[in-house]
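Since the structure comes first, as structure tokens, the remarks are kept for the end.
Keep in mind it's a predicted model, so treat the numbers as computed, not measured. The chains referred to below are lettered A, B, ... by the order of the sequence lines, with proteins before strands, and numbering in each begins at 1. Heavy-atom basis, side chains included; hydrogens, waters and symmetry copies ignored.
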Amino acid sequence: MSFSISLAVNGVARNVELDDPRVTLLDLLRERLDLPGTKKGCDRGQCGACTILVDGRRINACLALAVSHDGAAITTIEGLAHGDELHPVQAAFIAHDGFQCGFCTPGQIMSAVGLIGEGQAGDDPERIREGMSGNLCRCAAYAGITEAVLEAQRRLAAPEREKAA
Amino acid sequence: MPEISLSQAPAHQRHGSNSGQPLTRRDGVLKVTGAARYAADNHPPGLLYAVLATAAISRGRVAALEIAAAKAHPGVVDVMTPAHKPPLAEDPDAKTNPFMFRLELLQNDQVRYAGQAIAVVIAESLEAATEGAALLAPRYEALPARVGLDGDTSFLPPAVGIGNPAAVTHGDVEAALDAAPLTVEATYETPAQYHNAMEPHAVVAAWDGDRLSVDTPSQGLIMAQGRIAGLFGIAPDHIHIRSPFLGGGFGSKGMISGPQLLGIMAAKLVGRPVKLVLRREQMYGPVGHRAPTRQRLRLGADGEGRLTAIAHHAKTVTSSFDDFYEPAADASHTLYAAPAIATSHEAVRIDIGTPLFMRAPGEATGSIALESAIDEAAHACGMDPLAFRLLNYAEVEPITGKPFSSKALRECYAQGAERFGWAGRPREPRQMRDEDGFLVGWGVGTATFPALMFAAEARAVIRADGTGVMETGAHDMGQGAWTALAQIAADGLGLGIDEVEFRAGTSDLPDAGIAGGSAHTATAGTALHNAGAAVIAKLADLATGDERSPLFGAGNAGVVARGGRLHRRDDQSRSEGYGEILARAGLAEVEARGQGTADPAAQSTYAMHAHGAVFAEVKVDPDLGQVRATRLVGAFAAGRIINPKLARSQLYGGMIWGVSFALHEEAVTDRRSGRILNADLAEYHVPVNADVPSLEAVLVDEHDPHVNALGIKGVGEIGITGSAGAVANAVWHATGVRVRRFPIRIEALIGA
Amino acid sequence: MKNFEYVRPATIPEAIAAAAQPGAAYLAAGTNLLDLMKGGVARPERLVDVTHLPELDRIERLPGGALRIGALVRNADLAHDRAFAAAYPAVAEALLSGASAQLRNAATVAGNLLQKTRCGYFYDIASACNRREPGAGCDAREGENRQHAVLGWSEACIATHPSDFCVPLVALDAVVEIEGRAGRREVPVEALHRLPGDAPAHENTLEPGDLIVALRLPAEAARFAAHARYLKVRERTSYAFAVVSAAAAIDIAGNTVRAARLALGGVAAKPWRARQAEALLVGVTPDAATFRAVAEAALAEARPSGDNAFKIELARRLVVRALTLAAAGTPARLPALPASPFASQPGALPHA
């Protein structure tokens, strides 16, 4: 059985012929669409390394069947920067050393983008820590991660405040 | 501007300002954009997927596999089994050096631990290979599993760690304990822990005749290359391994593991490139772990609180088929002065994968027990635990009597205590509450880790355009080799960091040794430093021997390399650019090599260790027993810090591992089957972001002229030592309950 | 993962027909089901994807004030729905204390209700488990069981239900609407899950093909909005299943309790409503002694199923704490660490 699904991946329309319904969004991205930036740390929704945005929401790509996401708009780590211009979250992760080995980093960054978009944490460090707790970092770069998300959230919130004013 | 002294003869110097700078990671953009390519991200044309089938029993043999069922699954290409596999040139159970461990490469049908590979299914898709492995439905002939610290009769291990004596005696401990007016005796247990790097072990292997291309994470490329060469009977230089980034290692990627080699075997079997990535649960067996321990500490003290005896005995486990013994008791060798010290080990063989090096092997396990016992002794003596540690400060290494090459531990205690606000801490436990009524406790632990050096090589090139190349097959598992070593490399050439192309992470580069023992920056850095010295010497020879050069005749005085120019040492107004020197000599480039090894003379004279003091605050719910480590301050003296930003990140990471050791992580094994029941990341708890709200690492200045030419001691592992004990001691101080089994669980604190 | 037939029905009747076949399972977000399938714990032959069914993703207020929540509403969306969180704050807190933000963004209301136990022996397919394979035995009974049930367990099964969400739901008399081959029916959440007895595999009262289409919270349950909390003891600060959890809700007039609700999580194979204990609160002025008596009553039937006696006393203390916090009043804003004892709220622990 073959399935035809349409996805918008990092703003590009992709028509995917799937020969297997078992393929997750994570394995689709990594093994079939040449987008290996999204990482597989546990494949069971327990580490957050595979976090991507689906229709603007952060989810674990390892627990999402591709065939069920026909029509979805997906953003991965590869789609975050504008050319050479890093997304503020990416830049803040570098500035605050919010990673060491870098393996969980794509998931951390996508999760942070999702968190900021959700608007629940604001610039409360404790809410950021809680909101980022779905992303394990075994190098334990949590201090830098929290600082990076705080800074990025402030930078991203600033233009909105200006707009509102 | 720091001056870097040379470790060898030429009178030339290099000045560089790269080392010591808090540069952001040079691989940062690659890592935040997803462009950093880890092993499993590779996808050569014609790739097949291999998935391990693993044993569900801990001991016995595989009686049958449903190979036909697996092969019948659409997409399955082949099933590799003991009966159907490429031949190996070497017995995977052979051991010819101390860094060689026995491997399970389908050499027979025996099962020696749960989770051992018993077959490999190779398929056109990951989905097919995964299901193919499930369809093998093995049948076993099982024997009873030997589980845990009491799983069998114990014996005296031949050695612990790598070649350390299993028992060390200094003075008469028993007599000292008998005579001591005050003794403390306590037994501590630590659990089995698994490295759980975020990146599962992965390999993408492709054969071309007898040549092999491998993408796989490695903390020791040349050792891995040698192991592969031996097993497959091919020349090492026919094997090209790429490991530009490791998604964490912590020791588990020090030696190439069985599953990585099975991926290479699978590629050979099917004649196509193969990718094999461990599933998370498969990382609880064949890639090493930290063995559990039961440690008995006996301390004797005189009437003033001076230690008169330290006896530290550790029981641990190893596998039924190989030898690695967590050297837990060795933690008592260096930290506290006592006229009598005895350490000893015993072990049992049980049905598990062989334990291996895991971040601070021995030091971490031993430290939490020793630091707890020291705290118990301080309290028994009626002393503040920091004052007790200062009273028992080791001015020389206690057992050997050697002076320390440097030891700024007193400054660590002082600066850490100051930053933390230790003064005024009530001596008795259960005295502090926060505004919400939570119990608050403060604890301290001393951190220590040896300053090791392995052996490394590097190659330095200066090119006609005045830029440089530095090469060493170094490994960046997150500690920041791409950045810190590049800083050393640039200084070694007297160039700016952007004028040096730094190459690392592949097996065709000079051997950088192993990224372990917190020694990589020191070892590979020294090799880079010496390679730089050697190439500058060659360049200086060209200039000083050439009468057309402004440096002509300066050979005896020497030159100073700085900013891409050689300056006459005794008259720095006379200088010449690297490019000019090479151009006049008609050379496209000049190259040289350098080594980084320990200085045996210094090693025999001095005890070499990094030190630190960690202060922890915990809050404990007085009714519910839930604990949060709310604040940690660590002050560390680890010689010269090449990049304080990255060093601080490493120390933070280690400190959080300490929190994890004290409060969180533990593999839970079924005592009948020997299977680990939480072989995942949901129930095997490592700290999440919300667990560690406040961390501070103070870098204490320390100049060490003896450890190596660069004065580097290393920061990769020390953070976990001291921290685990500090948290445990803080829990006691908060609650008055001394928990001696780690991690500290809720039931231990609620008195129910 | 076993291969399966993927079916995407367009209507609820089509879905029911497709899922009524043996070996079929409904797929919503898949956050639990795919995990089970990857572990070989579930091996369905057909997945009936309901995520594209219309009208199951709404939150609507019914005449009379009850809130009706479509089965496909995502956990995060429900928790952040202002009307819902205002009326049923303990449910919102429970939702936000479960799993991670990513999982809450995907997981659905009905999926959360139907999630499987986290018993390690259920997940370890080489172990004997009556819940996974009827008649196989229970390796947890004599195994590593410090996290297992202390209420309502049987010799056949000592597993616990892992949901946070369900705990306040049973406290508040929530109801699920089920479409099945025999039409639509309503079942209280409290009656949805079954205790193991001698048939632990029969986890709930759903029949083949039954599809939960909505969850309903009665208007009457909003009376507790000012005094309702969910509290959860964990082995790490976040992203961990409960060791024990409790939902407490009180309706206080003056100093007197008019009505009270209490339920426990992590203690039984189903979310555990403590009705007899609730009754002790009605008509009294809440104080520590009363709460302790309520706690004793709530755990009166508890007994260890293994190495887990501590959970009984822990649950008692948690009941006291949850009632104390509920009596103190629902915080105006959910704490930074939802349901945590360490919630960063001043006065979080009212006996300083």
Subject >> Spatial distance of atom CG (C:D49) from atom CG (A:L65) [nearest 0.5 Å] >> reply: 8.0 Å
Subject >> Stepwise side chain to side chain contact (heavy atoms under 4.5 Å, CB included) check, C:R104 with A:I59 >> reply: CA-CA 8 Å; C:R104 297 192 294 267; A:I59 67 160; over 6 Å; no
Subject >> Main-chain N/O of A:D43 paired to C:K38 side chain as donor or acceptor, under 3.5 Å >> reply: yes
**OP:** Show the numbers, then the answer: is there a side chain to side chain contact (heavy atoms under 4.5 Å, CB included) between C:Q102 and A:N135?
**Re:** CA-CA 9 Å; C:Q102 290 93 315; A:N135 293 84; 2.8 Å; yes
Subject >> Which of C:H52, C:E5, C:M37 touches chain A most, by non-hydrogen pairs under 4.5 Å >> reply: C:H52
**OP:** Against chain A, work out which of C:S100, C:S238, C:P338 has the most heavy-atom pairs shorter than 4.5 Å and name it.
**Re:** C:S238
**OP:** May I ask you to decide whether A:D124 forms a salt bridge with C:R333, counting only side-chain N to carboxylate O separations under 4.0 Å?
**Re:** no
Original post:
Under 3.5 Å, is there a donor-acceptor pair between the C:D35 and A:Q46 side chains?
Top reply: no
Original post:
Got a second to check how far C:F342's CZ is from A:E126's CD, nearest 0.5 Å?
Top reply: 10.5 Å
Subject >> side chain to side chain contact (heavy atoms under 4.5 Å, CB included) between A:D70 and C:R8, intermediate numbers included >> reply: CA-CA 11 Å; A:D70 191 8; C:R8 191 191 292 168; 3.5 Å; yes
Subject >> Most chain A-contacting option - heavy-atom pairs closer than 4.5 Å, from C:L103, C:T51, C:T237 >> reply: C:L103
Original post:
Considering heavy atoms only, which positions within residues 11-30 of chain A lie below 4.5 Å of chain C?
Top reply: A:D20, A:P21, A:R22, A:T24
Original post:
Considering only heavy atoms, which portion of A:C47 lies under 4.5 Å from any heavy atom of chain C: side chain, backbone, both, or neither?
Top reply: backbone
**OP:** Sort A:S68 into side chain, backbone, both or neither according to what part of it lies under 4.5 angstrom from a heavy atom of chain C.
**Re:** both
**OP:** I would like to know whether C:N105 and A:E118 meet side chain to side chain contact (heavy atoms under 4.5 Å, CB included); could you show each step before the answer?
**Re:** CA-CA 10 Å; C:N105 272 342; A:E118 288 157 16; 3.2 Å; yes
Subject >> Contacting moiety of A:L136, where chain C heavy atoms sit under 4.5 Å >> reply: side chain
Subject >> Residue part contacting chain A, namely of C:L47, when any heavy atom lies under 4.5 Å >> reply: side chain
